[in-house]
Asks: 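Structure provided below as structure tokens; questions to follow.
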Amino acid sequence: MKKLGFIGCGNMGFAIIKGIIDGKKLKSNEIICYDIIKDLLDNLAAKTKIIKAKDNIEIVKKSKIIVLALKPHIYEIVLSEIGKFLTDEHIIVGMTPDVKISQIKAMANLENLKVVRIMPNTPAQVLAGVTGISFSKEITDDEKKFFMELFSAFSEVFELPENMIKALGTLSGCTPAFTYMFIEAIAQGGISLGFDKDTAYKIAAQTVLGSAQMVKQVKKHPAQLRDEVCSPKGTTIEGVKFLEASGFKGQIMEAMDKTYWE
């Protein structure tokens, strides 16, 4: 019996599997995976050495914990297929902002099914992710502890009320894209100042990384840290003034609003 089974191995599934293995929580031979797209499955197995299954049913028969790394519209198809093979001992891990714990139980036609709902993000690939997690009432305290430790291999884990999981998809799931755009803008600004491209991108990425570490470790409000960089009549405050006048923070908040809908 494998400790962990995955149905689906796209970008997010790959990120989690890689994070769990690199974080030394499970070994490759303790994870089994299936994807209808053979190339995705073969690529995952080649890179991580996990076990390949021949279909979804084999995943259910050979693993107690089953992670659904699927698009939301595929959930009902898969759960209706595997539902009759599930028992009260199986644990289904849903990984989408759009399918609730109650819906997973209904799709599997198992009222007492153990369900964990997670919302990770792609920096899991480099062991620097964020994962929100909610549990159905059937999950025991020991099982909760297992999942919190498992996902801590590649992320900072936050147990949340289920009604906040979708919001976390915006807060930590979408915003890496915005952050990459910010890094790109800083780097391009550096190139315009005369830096070569590779150096500019390395400096931009490290500057954002270091700034984030300051927020986490120094325990000061970001606004205070910003003010500490700004000297009276200095160059930084001129840039800050321009960004404020341009609605920089408001634009980010508006972009986040655009990614969230009921």
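Bear in mind that the values here come from a model prediction, so they are computed numbers and not experimental data.
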Asks: Is it the case that the side chain of Lys24 and the backbone of Ile21 share a donor-acceptor pair, with hydrogens and angles ignored and the cut-off at 3.5 Å?
Replies: no
Asks: Would you check if Met119 and Ser134 make a side-chain contact, meaning some heavy-atom pair closer than 4.5 Å?
Replies: no
Asks: Any heavy-atom pair between the side chains of Leu150 and Leu26 that's under 4.5 Å?
Replies: yes
Asks: Give a yes or no on this: more than 12 heavy atoms of other residues, nucleotides or ligands lie within 6.0 Å of atom CG of Leu243.
Replies: yes
Asks: Check this for me: Asp42, atom CG, are more than 12 non-hydrogen atoms of other residues, nucleotides or ligands nearer than 6.0 Å?
Replies: yes
Asks: Can you confirm whether Gln125 is buried at CD, in the sense that more than 12 heavy atoms of other residues, nucleotides or ligands lie under 6.0 Å from that atom?
Replies: yes
Asks: Between Glu238 and Lys241, is there a side-chain N and carboxylate O pair less than 4.0 Å apart?
Replies: yes
Asks: Could you tell me if the side chain of Ser102 sits less than 4.5 Å from the side chain of Glu162, heavy atoms only?
Replies: no
Asks: Are any non-hydrogen side-chain atoms of Lys62 and Ile51 less than 4.5 angstrom apart?
Replies: no
Asks: Between Phe151 and Phe154, what is the ring plane arrangement, given parallel below 30°, perpendicular above 60°, and tilted in between?
Replies: perpendicular
Asks: I want to check something: taking the side chain as every heavy atom from C-beta on, are Ile66 and Leu86 in contact at a cut-off of under 4.5 Å?
Replies: yes
Asks: Can you confirm whether Arg226 sits close enough to His221 that some side-chain heavy atom of one is under 4.5 Å from a side-chain heavy atom of the other?
Replies: no
Asks: Using a strict threshold of under 4.0 Å (side-chain N to carboxylate O), is an ion pair present between Lys166 and Asp98?
Replies: yes
